[in-house]
Amino acid sequence: MGGATAHQFSGLIDEHRYPEAELEVRARLVADPRNADALVAAVDLILAQDQEARLPEAARLAEQCVASNPGSSECQEARANVLGSQVAHAGLASALFKGGAIREAYLKAIELDPQNYRARMALLRHYLRAPLLAGGGNGRARELASQTGHVNPDASNLMQAFCDADDGKLPDAEALALSPNLGAAGLLGSQRDLLFALTQKYLNERRYGDSIRVAAELRRRFPMSELGYLALGMVAQAQGKHAQALLLFESALALAPRPLIYYRAGISALALGERSRAGVALEKALAGRPGLERHQRNDAEQRLAALSGHT
């Protein structure tokens, strides 16, 4: 499994077809318990669904992958991803304790395969999330992006774009995010995620025109992704255009029935007085995976309780 390509189960996971992917991965592991692709995919499935209760299982699978395939860059990457997810659920103290182990696992993955751009990108995003005390920071991230330029200038540009976005240099980040040719590096997903993040940053600053421009480009470049419709819907919602927003959320749900989209659809349905539709959407938002962020879950529960109290 080369660093520039995803494993054979990635398509199902990217399309949120989790039960189907689970069945295929389990079948492969029954036939070959040491198979690196299947072990990495099993980890990816747990992390993609944000299943905190299954993190010990993910850790065991990642360690099994490393032990069975000591030369696999992707197994080391999976180990680091699990550690990062554990930190995300545990908070700052865990970041200080495990930050070094995360960094070393990603660096080992890069050492084993310098063209594992997913590991490079994951390490960069770890640096941007981790405080300086945990060995992170924008400076370390920019240093990694610069080093990557010796291997792949396009990947380096995208990494610099993430750093610019983190610094609040949104026009610079946008220009770099739109320039790279990343298909061969397996980083189209990271480019897509950055464009979505930029729409949100523009939206937070109420720069609606900028947010719409990037969201439209996101939809054009990634027509099979729900994120372009979701981003455009969020802009419309922020402007009080709930009928337009709801149509956009429905288009996003047709591509990927994610809890966040149901949550947003529920808010706009409520604003339009469509109480039954809102209730169904909020229930699906609370039941789906990956789960909503805590403040979104609390809000969805309160809105649903208020609806129930008026029926």
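On a predicted model such as this, the values are computed, not experimentally measured, just so you know.
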Could you give the distance from [atom1] ([X]) to [atom2] ([Y]), rounded to the nearest 0.5 Å?
| X | Y | atom1 | atom2 | answer |
| --- | --- | --- | --- | --- |
| S308 | R275 | OG | CZ | 9.5 Å |
| R192 | E226 | CZ | CD | 7.0 Å |
| S225 | R219 | OG | CZ | 11.5 Å |

Side-chain ([X]) to main-chain ([Y]) donor-acceptor, under 3.5 angstrom:
| X | Y | result |
| --- | --- | --- |
| T199 | F196 | yes |
| R220 | A215 | no |
| N35 | D37 | yes |
| S73 | L112 | no |
| Q49 | L45 | yes |
| Q76 | E104 | no |
| Q237 | R264 | yes |

Short side-chain donor-acceptor distance under 3.5 Å, [Y] and [X]:
| X | Y | answer |
| --- | --- | --- |
| Q115 | N152 | no |
| N298 | R294 | no |
| S179 | N157 | no |
| N81 | Y106 | yes |
| R120 | Q147 | no |

Ionic contact status for [Y] with [X], cut-off 4.0 Å:
| X | Y | value |
| --- | --- | --- |
| R118 | D113 | no |
| R60 | E63 | no |
| K108 | E77 | no |
| K201 | D166 | no |
| R28 | D32 | no |
| E293 | R297 | no |
| R277 | E250 | yes |
| R207 | D210 | yes |

Can you find a heavy atom in the side chain of [X] that is under 4.5 Å from one in the side chain of [Y]?
| X | Y | result |
| --- | --- | --- |
| F222 | Q191 | yes |
| M121 | F162 | yes |
| V280 | K284 | yes |
| L230 | L248 | no |
| L255 | Y229 | yes |

Original post:
side-chain hydrogen bond (donor to acceptor under 3.5 Å, both in side chains) with D299: which of Q296, H295, R303?
Top reply: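 Result: among Q296, H295, R303, R303 is the only option passing the side-chain hydrogen bond (donor to acceptor under 3.5 Å, both in side chains) with D299.
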Original post:
Mind checking whether L232 and L170 sit in one hydrophobic cluster, side chains of I, L, V, M, F, W, Y counted as touching below 4.5 Å?
Top reply: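 Yes.
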**OP:** Please answer: with hydrophobic residues joined when any side-chain heavy atoms are less than 4.5 Å apart, are L272 and F249 in the same cluster?
**Re:**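 In one cluster: no.
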Original post:
What's the verdict on salt bridge (charged side-chain N to carboxylate O under 4.0 Å, His left out) for E57 and R54, showing C-alpha distance, side-chain angles and the deciding distance?
Top reply: CA-CA 5 Å; E57 177 188 350; R54 293 182 67 191; 2.9 Å; yes
Original post:
Of the non-hydrogen atoms in A177 and L158, which two are nearest, and what is the gap between them?
Top reply: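 That closest heavy-atom pairing would be CA-CD1, 4.4 Å.
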